[in-house]
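Step one of this worksheet: look at the structure below.
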Amino acid sequence: MKIDHTQPLEYSTQQNQLNIFGFWIFLGAEIMLFATLFTAYFIMENRTGNGPTGPEIFEIGPVLFETFILLTSSFTIGLAVHAMRIGRKKAMLAFLGVTLLLGVAFLSAEINEFVHYYHVGATYQTSGFTAALLTTLGTHGGHVTLGFFWGVCILIQVMKDGINARTANKSFIFSLYWHFLDVVWIFIFSFIYLKGLM
Amino acid sequence: MEFFERFAVPNPNPAIYASMVAIVVVSLAIIIGLTYFKKWGYLWREWLTTVDHKKIGMMYLISALLMLFRGGVDALMLRAQLSMPDNKLLDPQHYNEVFSTHGIVMIIFMAMPFIFAFMNLIVPLQIGARDVAFPRLNAISFWLFAAGAMLFNISFVIGGSPDAGWTSYFPLAGTEFSESVGTNYYMIAIQISGIGSLMTGINMITTILKMRAPGMTLMKMPMFTWASFMACVIIIFAFPVLTIALLMGTTDRLFATNFFTTTNGGMDMLWANFFWVWGHPEVYILILPAFGIYSEVISTFSGRNLYGYKSMVGSMVIISLLSFLVWTHHFFTMGQGALTNSIFSISTMAIAVPTGVKIFNWLLTMWKGKIRFTVPMLYSVGFIPLFTIGGVTGVMLAMSAADYQYHNTMFLVAHFHNTIIPGVVFAMLAGLTYYWPKMFGFMLNERIGKWGFWFLSIGFVLAFFPMYITGLNGQARRMYTYSEATGFGPLNFVAFIGAGLMAIAFCLIVYNIFYSIKHSPRNVGDDPWNARSLEWATHNPVPEYNFARTPHVASSEAFWDAKKHGHELFKGEIEEIHMPNYSGVPFIMGVIFFICGFSFVFSLWIPAIVSLIGIFACMVLRSFEKDDGRLISVEEIKATESKFESAEEIKTAVSTYGGANS
Amino acid sequence: MKELFPVKQVGGYLFSLVLTIVALIVYFMDFSFPVAMTILLVTAFVQAAVQLVLFMHAGETEDGTAIYTNVLYGIIIAMVTIIGSLLIFVWDM
Amino acid sequence: MKLKGTLLLLLSMLVVFLSGCEPLLVLDPKGPQAERQASDIMISIGIMAFIVIVVMVLLVYMLVKYRASRLPDDYEPPHIEGNPILEGILIGVPIIIVAILSFITVKSNYIVESTPEGYEDQEPLVIYASSSNWKWHFSYPEQDIETVNYLYIPTDRPIEFKLYSFGPITSFWIPQLGGQKYAMADMVTTLHLAADTPGEYMGRNANFSGKGFAENTFTVTAMTQTKFDEWVDEVHETAEPLTEDTFEQLLEPGHLGRMTFTGTHLGFSPAPEHEHSDDEMDSGEEHKMHAEKEREMHTEHAAHE
């Protein structure tokens, strides 16, 4: 592997550059994935059948909590990448750890939210609306879950091997993924919850 | 016993039992053969674990040909059933299963791997790269495709085939009206291979944008690379829609959600919408690489550079955008207002403009050229008028008010076969013949190839042109029979004869492969067609590292420049080459995906969860793996190169094959 | 400690918090549908842009153009799909 | 040149067919909508045939003139980049053609989606046409009659079909009166037709709907208003009333012959007409209360568990 030292570590080999670029293309596909879910949601929004409607089941408190958590985790993963770039392994690990913890907090809040929906009669099978809502939230939540395990793998590798071309590349790509999930959440927050509650 | 009952075929008939026996016999024959000839190790080392883009391409190619036969046999059964009024060859249930699988197999498991085969084989060579950007991912893509294809193909012997059409409109495809697991197979098999397609799309875009040879700017890429690039752009934005639609369909069927049901707020139209949001771009995913192959072939055999390179590129970019703006024309009759229909009608017709530009550019490429009628060129020449007819009938269908009369009729069936067969299938056969020496180092027989072409073209015209007429006479598509009074009989019989001729053509093509393996001369050299673009600047068959030295490029016809204008393609000394390592993980992942998919089809939750965990385990394993690939030494490269060069010297006396004959 | 918290990141974070609060206004105030939607659209897209440019460093390499084109293309097609579907099923049915 | 020969032969065959030695259903219209569509089809076939011929002539010219066997051995084809003017023409002409067709199409769209031309001043006859596996039910609310698998309509009066389905998506199509439209389970679509001349026409479901799809047809008989009125009277004298039970039986999957009833199923099994407005945002208090009750029930249910 040829390492080009004029570049930041995560870009320092040809393969590293390819990985980052390829991941961006993947994110392009992810935009469309979530756009499809949003399309379904917007069309199904009022097709509640005999089930409850959005405004009846949404609660602003937990949603704000989730939003704040995810925003902050997006901030901390940014700090982790910054720490990585200035070569501060411990700080990077700390920020990465905080990010993952916030991820867990977000997930538990979301699971709590789903349990709440279940109790108020908005299950997966209730109506077109609940199916679209839970699939959209669930797909995002699934991404976060996957991201959590991915992040743990990276955390272990950075601990073991330190910051090198390989781990830096992985961490950077992971940060892209995590930021992207935050962007998706912003849209969920605005166009599912706030639009439903306004 | 009760557990096994679910795997029984719900609508058995002798043909299905015969197929079961045939499948078992063939599988046994393969296993015994591999053991007897001690080829298991070879198979594993050279093919199942390969990450070489050329071998993956060949595997795609073989799969596509196999699937072409599966789909072709389905087609023959359909035409035979309709050849006469009140025919009793197939009952309605089997007819429904056969046309559903015909459509899915042909689009998803024949046409897609066919284009991926050429993308894999040719794109890295055309841009002077050693491999694709993510060789391991490429192998995973292939094995996911293979898992999906296998899963889909076992449906008719285990549990029953899908029977709701390749479009699987809900609620017909819902659990209420489609009780067998057939539609589960549809949802999950396509999902798995669709994920593979998406990965290929990402892989190819990265390869094309980041791994081009020095000097090759975007506007100096060969046309097939441009076409593949635009097709992959469509892939990455279209396939996620399919992923979600299939996910929703799966949950509707397996978990009783209400996306596409008719109660509790479900909306059956939403499936049709998503299906076509993916489905329409999909046809451009198929046709753009085909256009790319025609561009290469026509330019090579006209002995001229491609006319209007810039407008060719521009038209493809526009097509890729427009392809996402037209999906509603598949359901003009669904009750939306005249305004919506008008918008989508105009956007659909607009696609005719860039497509027309391409047709005229090909014609102008022949202008002042020196046309050699080889088999690939024959296919291209046949393509132009036939595809034009397909295209203009497309414009007719795009007129939404008139579409109320064409929709769901044989006119529509005739139209899309008229674009896909001369458009995609002809291109793939042209590409197969054209790139055969690139893959294997010998040529396919021209004489048999030409017979194949004529049978195919005439068969095609006979098979599909009558459908335009019966469609306008009121024959709806997907009817398993019709009465004599309708008067559809004679023309349908003509169509059956046409289908028979096409079947003969495909047999000839396969016979040609076997014939050529036995009889074709092996010393065809590196440039058997007097070609123009970079992929011909290396040896036939291509060594694993593609190019011994990185080529330097100054135009879209780098090889022609080197041959005619003294352009120096290869500068400097041979250096050691970095190549990726082979890996068994992609194959294993494919197997696990197959098991996972199968478990989902039959709602076997424990194996489903176990195999899902297996998939994640593979991903974690990959994350921790440290694999920097391997290096090929300079001596090894030199040894390989000199072998090719000595072969080249023997050959110089032999005249260029496929030269100015005919 | 200070070098671990660069102005760009902290500023971006604060800005997105502000945007979230602005978006939240539609919950507390009684806007008409078009006004509220405009607020939501603006805040959401600005916030997405903040993430993209400040946090994800989309434009930092020579591939910046390709990356932005990719994202833009994705957004355009996403909007077309959403608006087209709404047109078919809600606005012009 | 075999291919070109075959193509030309087939094209001329097509023209012969279309110009009507034995008229094709779609091109033998018996009502204003079908007439409009048929004329659109003929115009587009004309323009398209012109394009196909141009392409073929150019292709034959290139192939004949520039085939290698007719050119000297030392002929080297020139290198030609694109020519902006020529390419401009190649883009411009198709754009003009597309513009012409777009103009026609948009106009036709609005025509086929409204009361047929020449019938605007008449009150349309509303017929509810619903499909079930694999039959068609026609309800005449005005006449209080319901038929199965056959349709009697008066000529010279606009007809408004309200389409919906008791099962898979189907498509209501009477080629000689006009194009098709989907019938679906959760909404009602509207199709405007009219018959100019009395006669018997083929009607069918054009959208695949399962095993019995091929036989999912019906006949349409168009007759003068007086004859239609006579038929209505006759039905009222002779036919049985349609009960909910009978109707449930009719909905069972299968094929039925022609059947006639007095009364319609719209009373006890109404068309899904208002589904849409029901779902609007301002669904009102009633909806909320309903949901509230539902929620209580669920919590109760959960508590029990």
Side-chain angles (χ1 to χ4, degrees), chain A residues 1-2 13-15 17-40 43-51 53 123-132 134-136 138-139 146 149-150 152-154 156-157 160-161 164-167 170 174, chain B residues 132-135 137 198-199 201-207 209-211 232-233 235-245 247-248 251-252 255-267 269-271 273-274 277-278 324 578 580 616 619-629 631:
Chain A
M1 280 274 135
K2 262 185 250 155
T13 67
Q14 156 89 3
Q15 190 62 45
Q17 292 184 17
L18 292 178
N19 291 349
I20 293 173
F21 188 78
F23 198 79
W24 272 106
I25 305 293
F26 171 72
L27 290 184
E30 288 273 69
I31 291 178
M32 205 52 207
L33 187 99
F34 282 102
T36 312
L37 287 164
F38 275 109
T39 311
I43 289 170
M44 302 297 236
E45 201 172 10
N46 298 314
R47 303 179 70 94
T48 49
N50 297 323
T53 65
T123 67
Y124 204 25
Q125 285 88 2
T126 305
S127 66
F129 159 71
T130 59
L134 294 176
T135 305
T136 311
T139 308
L146 210 72
F149 288 111
W150 183 12
V152 170
C153 289
I154 289 169
I156 295 169
Q157 289 178 50
K160 263 177 35 192
D161 303 347
N164 59 26
R166 179 198 316 278
T167 52
K170 288 184 180 185
F174 174 72
Chain B
V132 294
F134 312 111
L137 188 68
L198 182 61
M199 296 304 153
I202 294 169
N203 212 336
M204 284 294 157
I205 290 182
T206 315
T207 310
L209 285 181
K210 294 281 293 177
M211 294 173 77
C232 289
V233 167
I235 286 178
I236 61 162
F237 294 113
F239 268 80
V241 182
L242 181 71
T243 304
I244 292 300
L247 174 74
M248 291 171 169
T251 58
D252 258 18
F255 307 118
T257 51
N258 285 301
F259 284 107
F260 310 129
T261 57
T262 53
T263 48
N264 289 324
M267 190 187 215
M269 289 176 280
L270 193 61
W271 166 266
N273 188 55
F274 283 152
V277 171
W278 161 79
F324 285 96
H578 175 256
F616 289 121
M619 288 158 79
V620 171
L621 219 67
R622 173 64 175 152
S623 176
F624 282 93
E625 193 180 347
K626 287 174 192 164
D627 175 11
D628 286 331
L631 291 171

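Chain naming here is simple, since letters A, B, ... match the order of the sequence lines and numbering starts at 1 in each. Atoms considered below: every heavy atom in the structure, side chains included; atoms not considered: hydrogens, waters and symmetry mates.
Interface residue B:Thr243: only side-chain heavy atoms are found under 4.5 Å from chain A. Only the side chain of A:Leu146 comes within contact range of chain B, with at least one heavy atom under 4.5 Å from a heavy atom of that chain. Contacts of A:Ala35 with chain B are absent, with no heavy-atom separation under 4.5 Å from either backbone or side chain. If you measure heavy-atom distances from B:Leu247 to chain A, the contacts under 4.5 Å come from the side chain alone. In this structure, chain A has a heavy atom under 4.5 Å from the side chain of B:Phe274, while its backbone stays farther away. Using a 4.5 Å cut-off between heavy atoms, B:Phe239 does not touch chain A at all. Contact of A:Asp161 with chain B is made through the side chain alone, with heavy-atom distances under 4.5 Å.
The CG atom of A:Leu27 lies 9.0 Å from the CD1 atom of B:Ile202; values are rounded to the nearest 0.5 Å. Note that CZ of B:Phe624 and CD1 of A:Ile154 are 9.0 Å apart. Values are rounded to the nearest 0.5 Å.
Side-chain contact check for A:Ile25 versus B:Met204: every heavy-atom pair is 4.5 Å or farther apart. In this structure, the side chains of B:Phe134 and A:Asn19 come closer than 4.5 Å at one or more pairs of heavy atoms. Counting heavy atoms from C-beta on, the side chains of A:Asn50 and B:Asn264 come closer than 4.5 Å. A:Phe149 is not listed as a side-chain neighbour of B:Val620, based on a closest heavy-atom distance of 4.5 Å or more. Side-chain atoms of A:Thr135 and B:Thr251, non-hydrogen and from C-beta on, never get closer than 4.5 Å to each other. You'll find the side chain of B:Met211 reaches within 4.5 Å of the side chain of A:Leu18, heavy atoms only. Annotation: side chain of B:Asp628 is not in contact with side chain of A:Gln15 (no heavy-atom distance under 4.5 Å).
Nearest heavy-atom pair, B:Asn258 versus A:Met44, reported as atom, atom and distance to 0.1 Å: O-CE, 3.8 Å. The shortest non-hydrogen separation linking A:Ala131 to B:Thr257 is CB-CB, 4.1 Å. Taking both residues in full, the closest heavy atoms of A:Gln125 and B:Ala256 are given as CG-O, 3.1 Å, listed atom of the first, atom of the second, then distance. Between B:Thr206 and A:Gly22, the shortest heavy-atom distance links the atoms OG1-CA, 3.4 Å. Residues B:Ser623 and A:Cys153 share a closest heavy-atom pair of OG-CB, 3.7 Å.
Between chain A and the options B:Lys210, B:Met199, B:Met619, the largest number of non-hydrogen pairs under 4.5 Å is found for B:Lys210. Most heavy-atom pairs under 4.5 Å with chain A: of the set B:Ile244, B:Thr263, B:Leu198, this distinction falls to B:Ile244. Each of B:Leu209, B:Val233, B:Leu242, B:Val277 has some count of heavy-atom pairs under 4.5 Å with chain A, and the biggest count is that of B:Leu209.
Looking at residues two or more places apart in sequence or on another chain, you find no salt bridge (Lys or Arg N to Asp or Glu O under 4.0 Å) involving A:Lys160. Among residues two or more places apart in sequence or in another chain, the ring pair (Phe, Tyr, Trp, His ring centres under 6.0 Å) test is passed with A:Phe174 by A:Trp150, A:Trp178.
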